[in-house]
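Here is the structure we will look at, set down as structure tokens.
Counting begins at 1 with the first residue of the sequence. Note: hydrogens, waters and symmetry copies are ignored here, and every other heavy atom, side chains too, is used.
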Amino acid sequence: MKKLEYTYETITESGSKTETYTEPPSEKVFTNSGNSEGGSKVSKDEVIQIIVKWDGFDESFELHNKVK
């Protein structure tokens, strides 16, 4: 994998991130965190739409809060 791009969308915000690699990444977990104080929070019932693209492939899915 040479390039990874993902976008997310919630009711209140959206964003994206692109990472490029000279060698395939050894980590299989990718994280993103906001750095604004007092930023918006996702409600417990909200669904987050995700689109991931890499090297000509793409996948979309939804994140749901798992109630314990």
Applying side-chain contact (heavy atoms from CB on, under 4.5 Å), name anything that partners Ile48, two or more places apart in sequence or on another chain.
Tyr8, Thr10, Val42, Ile50, Leu63
All side-chain contact (heavy atoms from CB on, under 4.5 Å) counterparts of Thr18, not counting sequence neighbours
Lys3, Glu5
Please enumerate all residues that pass side-chain hydrogen bond (donor to acceptor under 3.5 Å, both in side chains) together with Gln49, with sequence neighbours excluded.
Glu62
Closest non-hydrogen contact found for Ser14 with Glu9 is CB-CA, 4.0 Å
Sorted by chain and residue number, the ring-ring contact (aromatic ring centres under 6.0 Å, His included) partners of Phe57 (sequence neighbours excluded) come out as Trp54
Rounded distance (nearest 0.5 Å) linking atom CD1 of Ile51 with atom CZ of Phe61
10.0 Å
Euclidean distance, Lys2 NZ relative to Asp55 CG, rounded to 0.5 Å
8.5 Å
Those residues that, when tested against Lys17, pass salt bridge (Lys or Arg N to Asp or Glu O under 4.0 Å) (two or more places apart)
Glu19
Identify the heavy atoms of Asp58 and Lys53 that sit nearest to each other, and give their distance.
CB-CG, 3.7 Å
Going by the rule side-chain hydrogen bond (donor to acceptor under 3.5 Å, both in side chains), which residues pair with Glu59 if we only count those two or more places apart in sequence or in a different chain?
none
